[in-house]
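Position 1 is the first residue of the sequence, and the numbers go up from there. One-based numbering, in listed order, for ligands and for the atoms of each.
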Amino acid sequence: MPVDLSLYLVTDSTPAILKGRDLCTVVESALQGGVTVVQYRDKTNDTGLLVETARKLHQVTKKYNVPLLINDRVDVALAIGAEGVHLGQDDMNFTEAKKLLPENAIIGISTSSVEEAKKAAADGADYIGIGTMFATPTKTNTKSVIGTAGTQVILDAIRDSAIGTVSIGGINHSNVQRVLYQSQSPKKALDGVAIVSAIVAADDPKASAEQFVELIRNPPRFAQASSPPRANEAEVLMNEVPQIIRKMVEVHPLVHNMINFVVSNFVANVALSIGASPIMSPYGDEATDLCKFDGALLINMGTLTSESVPNYLKAIKAYNERGNPVVYDPVGAAATHIRRNAVTQLMAGGYFDLIKGNEGEIRQAWGSSAVQQRGVDSGPSTLDGNQKATLARDLARRERNVVLLTGATDYLSDGERVIAVENGHPYLGQVTGTGCAIGTISGCFLAAHRSDRLLAVLSGILMYEIAAENAAAKEYVRGPGSFVPAFVDELYAIRTAAANGDDSWFAGRA
Ligand code: 3NM
C-alpha cells in the first residue's frame, strides 16, 4: 500500500527544538493532529538509546496506524521492526539497504538534484525527500537551497515515475500552501511536506499538525483558476478591455504602495486619476489592516534600504494570506549584490501575482547570473523579441503567475498566452515614475478583475499607453515636462469615459 506522505513529521531531539519535552509525547500529540508518517531522526545519541527510543515511538505510531521510518540506521529499523528507513546521500546506499530490509519495507532517499532524484526513481525507492526548500536553522549543513523553482525542475525530471515526493526545509504554516502550489510541474506535484520545527518545536504540536492538514487540503487563497486560451484569443481579449476598465473604476480599489520616494507623489496621482485609492506605506505591519480592503499591494524596490526587505515580507505575507494580489517591481534587480539578494529573498518569501520589470530585471528574477544593470536602466539588451516573449512565458510558467517584461514592446504572459503590446509614446521613457506607475495600475486592475489576471494587466497597460498617446498628441505638449500633466488628464478622461459607458476612446487603438 503506498504511504501517505502528505504530512510527514521528522523528529529532532536537540534541546532547542524539543525544549526538554518527552519525544514520544510530542510525536503522539502530532499524530493526534493528523501527521501521516513519522521519521525518527537522531544524529547524536548512541545506538542503545536509539533502539530504546525507536521502540517506544513505534508503540505510539502503531496506535495511529502510521508508518515509522528510521533515519540512516538500517540496523535500528531491523532491531525494532520499523516500517522502513530514510537514507541520505551519504548513508548506506539503496541496494544494500534493500537487501537487508524486509521485502515490503519503505525506503526513502534524500535528494537535492535531478541526478539524485532520477537515480532514486530508477533504483525503485518508495519516495524521495527533495530539499532544501528554504534555508533553515534546524539543519544548517544542507547541500543547496533550491526553492520552489529548483523543486519544480526535479519534479519535472521524474514526471514519468510513480515515486512519491516530499519537500523539506523551512516549511511552516505561512508558506506550505505556496510550496505545494509553486513547486508543481505540469505533470508531477509534491505528495507532501516534511516538517521538523514547525511541529516538534510548536507549543501545541497537535494544533500545529491540524493546521497543516487544513492548509494542505486547500489551495492557497491567491491560487487562480487558469484561463484556457480561447479561439481568436486576441480579439476576445480586446473586446473585454473597456468593460474591465469600467469594473476597475466601480471597484475603486485601494492600492497599497511600498514604493520608492522618487516617484511616490506622481504614482499616487496616477492612481487617483484612474479612479483608485492610493496609500503610500513602507511600514510592513500596516498591511494586516490594509489587506482587508478590495485592493492590491505593490512592492517597488527602487529606493531599497536595509529595512525594506523585512517590511516587504510582512506585507506580502498579509496579502498572500488574504488572497489579495501582490505586484512585484524589482527595480534595479541586477544593479548591486544587495538588490540581487533582495530578489532572492522576496521570491523565496512570498507569492507575486505579477512580476513586472525591464529585461535586466526579469532576467535577474529568472535567476540569470550574467546580468549587470547600470543603476535602474535595463542595461544592454541581449534578447530579441522572441527571446523576451519566451523569457516572460517561462518565468510566468515557473512562478505560476503573470509576468510583464517592459520595453519598446511590452511582453505579457501568464505562462500559456503571450501578448506583445506596442502602444505608448517615447515621452514615457523621459519621465521618471511612468514605468513605476504601471505596477500600481496593474495592482488596481488585478484587484478588480480576479478571474483572468492576464486580461486584467492588459487592460491596465492599454489604458495607460493610450492615455500616453493621447497626451503626446495634444498641441500644447512640447516635451516630457508638459507631457506629465497632459498624461494625468488623459488617464482621468479615459476613466470618466469608461465610467459613463463610453468606449469610443478605445475603438481601433490597440
Ligand atoms: N533535511 P525544519 S532540511 C532534516 O534539506 C532536514 O535535506 C533537510 O527542518 C534537507 O522543518 C532538514 O525545521 C531540516 O526547517 C528541516
Side-chain angles (χ1 to χ4, degrees), residues 5-19 21 23 26-27 29-30 33-45 50 57 68-73 84-92 94 107-117 119-120 125 127-155 163-180 183 190-205 208-209 211-213 215-216 345 348-349:
L5 296 164
S6 57
L7 184 55
Y8 184 132
L9 177 69
V10 181
T11 72
D12 193 311
S13 304
T14 56
I17 291 181
L18 200 51
K19 300 178 187 161
R21 293 172 297 178
L23 183 64
V26 168
V27 169
S29 164
V35 158
T36 60
V37 48
V38 175
Q39 179 195 133
Y40 174 42
R41 180 174 181 273
D42 185 334
K43 294 292 195 192
T44 48
N45 283 313
L50 290 185
L57 280 174
L68 177 68
L69 311 179
I70 310 295
N71 180 286
D72 181 3
R73 300 290 298 265
V85 292
H86 181 87
L87 304 172
Q89 289 291 324
D90 301 324
D91 299 340
M92 182 186 289
F94 174 85
I107 304 181
I109 306 284
S110 291
T111 62
S112 58
S113 67
V114 164
E115 293 69 36
E116 289 169 359
K119 176 162 191 322
Y127 74 91
I128 51 171
I130 306 176
T132 304
M133 175 55 73
F134 303 122
T136 170
T138 308
K139 186 169 191 251
T140 47
N141 65 341
T142 59
K143 273 192 198 149
S144 45
V145 174
I146 60 172
T148 53
T151 303
Q152 197 182 65
V153 171
I154 292 177
L155 288 170
I163 193 167
T165 55
V166 277
S167 171
I168 185 161
I171 299 170
N172 55 42
H173 297 119
S174 71
N175 61 28
V176 64
Q177 289 180 309
R178 185 166 58 83
V179 161
L180 293 169
S183 299
L190 287 169
D191 295 308
V193 286
I195 314 284
V196 183
S197 55
I199 293 179
V200 183
D203 290 339
D204 184 346
S208 170
Q211 206 184 334
F212 272 116
V213 170
L215 291 165
I216 289 165
Q345 280 184 65

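- Atoms of ligand 1 lying under 4.0 Å from any heavy atom of Thr136, numbered from 1 in the order shown and given with element: 2 (P), 9 (O), 13 (O), 15 (O).
- For Lys139, the NZ atom counts as densely surrounded, since its 6.0 Å shell holds more than 12 non-hydrogen atoms of other residues, nucleotides or ligands.
- The backbone and the side chain of Val196 each have at least one atom closer than 4.0 Å to an atom of ligand 1 (non-hydrogen atoms only).
- Under the 3.5 Å distance criterion, the side-chain polar atoms of Arg178 are matched with a main-chain donor or acceptor of Ala348.
- In this comparison of Met133, Lys43, Lys139, the heavy atom closest to atom 12 (C) of ligand 1 sits on Lys139.
- Arg73 meets the salt bridge (charged side-chain N to carboxylate O under 4.0 Å, His left out) test with Asp75; sequence neighbours excluded.
- Counted by atom type alone, Thr142 and Thr132 present one or more donor-acceptor pairs between their side chains at under 3.5 Å.
- For a threshold of 3.5 Å applied to N or O pairs, the pair formed by Ser197 and ligand 1 contains at least one separation below that value.
- Interatomic distance, CZ of Phe134 versus CD of Gln345, reported as 12.5 Å (0.5 Å rounding).
- Looking only at distances, a side-chain donor or acceptor of Ser208 sits under 3.5 Å from a matching main-chain atom of Ala198.
- Within the 4.0 Å heavy-atom shell around ligand 1 one does not find Ser110.
- Ligand 1 lies within reach of Arg41, whose nearest heavy atom is under 4.0 Å from it.
- Atoms of ligand 1 found under 4.0 Å from any heavy atom of Gly170, numbered from 1 in the order shown, are 2 (P), 15 (O).
- Taking the six-membered ring where the residue is Trp, Phe212 and His173 present tilted rings, their angle falling between 30° and 60°.
- Of the listed options Val10, Leu9, Ile168, Ile168 places a heavy atom closest to atom 7 (O) of ligand 1.
- With a heavy-atom cut-off of 4.0 Å, Thr132 touches ligand 1 through backbone and side chain alike.
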